[in-house]
Amino acid sequence: MNRFSGILATVALCGFYLAFSPGKALPFFSLAGSNFLVVLSMLPPVFILLGLFDAWVPRQRVTALIGEKSGLVGAGLSIFLGSFAAGPLYLAFPIAETLLKKGTGLFNVFLFVGAWSTMKIPMLLFEIQNLGLRFAAVRYAMSVLGIFWIAWAVEKQLGEKGRSELVERFRS
Amino acid sequence: MILSPLVTVILLVALVLTALPPSVLSRLVGAQSGFAGVLLASVAGSVTLIPGFAAFPMARMLLDSGAGIVQVGVLVSTLMMVGVVTLPMERSIFGWKAAIARNLLAYGHSFIVGLALWLAFR
């Protein structure tokens with residue numbers, strides 16, 4: 001029951017809003033509908049790729065490439081993985097889970113999530129097109145710095161204990 | 001299992017976007033709105049979740065209708081990096097501590113991005 005309380009509350013909230021402004025029903029449903037179709041069309045490829053990755057790429061391989069001790073190459077590879085993705089941030093979380101299960105280093109997983117959130121190459125091209133080269137270049141350069149210091153600070157904030165608890169959760 | 005939080009997110013986005021049309025938004029985050037406008041843009045960007053392919057044309061639209069470049073930069077940055085609505089999803093994988101820390105730091109970082117844009121477009 002608890003699992004569905006969020007969605008029930010949201011549906012109730014939307015219903016409440018639409019009851020008071022029925023004129024907004026059409027834009028609301030067309031927006032929700034088109035977003036839903038976009039996400040639905042993105043889910044199958046993401047999960048198929050995840051499934052293939054899970055089945056085909058052995059754990060030792062992942063650990064060697066982007067594990068705790070993979071250093072600068074691992075960091076670069078994690079950012080590369082994240083920035084070639086497409087899709088909203090919330091699709092990165094199930095992927096991050098698989099990455100952790102496969103033995104990816106925590107810092108690298110945070111880099112991956114960071115890169116996914118704001119460094120996606122297809123999105124960069126789109127940003128240049130819409131907001132201009134200077135705007136996109138400044139924001140992208142700042143993002144590179146940002147995801148490194150944020151990944152570092154989040155790890156620091158977790159501490160040794162929080163870190164190992166988090167990693168252990170995915171090691172069974 | 002994953003569909004339930006996704007549907008929640010999609011409904012919330014649609015709700016916020018219909019309740020707050022771009023014309024209202026661009027007035028609130030105009031070039032003259034100063035730090036109050038930046039602050040407002042950061043909060044709006046944090047609580048909403050708009051996919052990039054919809055966010056950039058929207059940002060363009062806001063700029064064209066008079067929004068400030070710093071305000072729009074902070075809005076875009078928080079839109080992409082901070083997700084209040086997706087916090088429950090993020091927590092289920094990284095735990096509360098890391099999820100909240102990442103979002104707070106990304107929120108702070110968006111102001112640095114805004115500062116950089118301000119310097120670049122002065």
Side-chain angles (χ1 to χ4, degrees), chain A residues 3-4 6-7 9-11 13-14 17 21 24 27-29 31-33 35-36 38-39 43 47 87-90 93-94 96-97 100 109-110 113-114 117-118 120 122-123 126-127 129-131 134-135 137-139 141-143 145-147 149-151 153-155 157-158 162 165-166 169, chain B residues 1-15 17-19 21 49-61 63 69 72-73 76-77 80-83 85-86 88-90 92-95 97-102 105-106 108-110 112-113 115-117 119-121:
Chain A
R3 268 175 51 194
F4 297 106
I7 191 166
T10 308
V11 169
L13 190 70
C14 293
Y17 170 73
S21 35
K24 294 290 180 86
F28 174 83
F29 282 113
L31 245 170
N35 273 350
F36 191 67
V38 166
V39 170
L43 278 178
F47 282 94
L89 182 57
Y90 47 84
F93 298 135
E97 187 179 7
L100 278 169
V109 171
F110 287 136
V113 170
S117 74
T118 191
K120 289 182 292 247
M123 281 295 131
F126 198 49
E127 182 172 0
Q129 197 187 349
N130 275 285
L131 298 170
R134 190 166 2 158
F135 184 100
V138 171
R139 223 184 57 78
M142 294 310 289
S143 297
L145 293 177
I147 68 163
W149 84 258
I150 290 171
V154 170
E155 234 194 347
Q157 156 76 16
L158 278 175
E165 269 172 23
L166 181 56
R169 221 157 37 86
Chain B
M1 7 76 241
I2 188 170
L3 225 52
S4 160
L6 280 182
V7 171
T8 311
V9 166
I10 288 166
L11 287 178
L12 282 178
V13 172
L15 182 66
L17 282 186
T18 31
L49 215 158
I50 306 171
F53 50 81
F56 290 128
M58 189 194 79
R60 167 76 171 276
M61 220 157 60
L63 277 178
I69 196 111
V72 170
V76 168
S77 192
M80 315 218 116
M81 297 179 81
V82 186
V85 237
T86 49
M89 252 180 122
E90 191 168 351
S92 68
I93 288 155
F94 293 119
K97 209 172 168 187
I100 289 178
R102 194 197 67 79
L105 293 166
H109 182 71
S110 302
I112 304 178
V113 174
L115 185 70
L117 282 169
L119 289 170
F121 282 90

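Below, read A as the first sequence line, B as the second, and so on, with proteins coming before strands; counting in each chain starts at 1.
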- Query: Should B:Phe94 and A:Val113 be marked as a side chain to side chain contact (heavy atoms under 4.5 Å, CB included) after you check the CA-CA gap, both sets of side-chain angles, and the distance that decides it?
  - Reply: CA-CA 11 Å; B:Phe94 293 119; A:Val113 170; 4.1 Å; yes
- Query: Between A:Gln129 and B:Arg60, what is the shortest heavy-atom contact and its length?
  - Reply: O-NH1, 3.9 Å
- Task: With B:Met80 as reference, evaluate A:Arg139, A:Lys120, A:Glu127 under the side-chain contact (heavy atoms from CB on, under 4.5 Å) test and give the passing residue.
- Result: A:Arg139
- In short, A:Ile147 meets B:Met81 closest at the heavy-atom pair CG2-CE, 4.4 Å
- Heavy-atom contact with chain A under 4.5 Å, split by part of B:Leu63: side chain
- Answer yes or no: is there a donor N or O on one side and an acceptor on the other, between the side chain of B:His109 and the main chain of A:Met142, under 3.5 Å? yes
- Note on the structure: Applying a strict 4.5 Å limit to non-hydrogen atoms, the region of B:Ser92 in contact with chain A is backbone
- Query: With respect to chain B, which residue among A:Leu100, A:Asn130, A:Thr10 yields the maximal number of heavy-atom pairs within a distance under 4.5 Å?
  - Reply: A:Asn130
- Item | Residue pair B:Leu11 / A:Phe28: nearest heavy atoms and the distance that separates them | O-CE1, 3.8 Å
- Between B:Ile69 and chain A, which part of the residue has a heavy atom less than 4.5 Å away: side chain, backbone, both or neither? both
- From the list A:Leu13, A:Ile150, A:Val11, A:Leu31, the residue making the most non-hydrogen contacts under 4.5 Å with chain B is A:Ile150
- Identify which part of A:Phe93 has an atom lying under 4.5 Å from any heavy atom of chain B, answering side chain, backbone, both or neither. both
- B:Ile93, B:Val76, B:Leu15, B:Thr86: which one forms the most heavy-atom pairs within less than 4.5 Å of chain A? B:Ile93
- When the 4.5 angstrom heavy-atom criterion is applied to A:Leu158 and chain B, the contacting part is both
- Item | Cation-pi geometry met for B:Arg102 and A:Phe110 (6.0 Å, 45°) | no
- Item | A:Leu166 versus chain B, the contacting section by heavy-atom distance below 4.5 Å | side chain
- Counting only heavy atoms closer than 4.5 Å, note whether A:Ser21 contacts chain B via side chain, backbone, both or neither. neither
- Message: Measuring only between side-chain heavy atoms, which start at C-beta, is B:Leu105 closer than 4.5 Å to A:Trp149?
- Response: yes
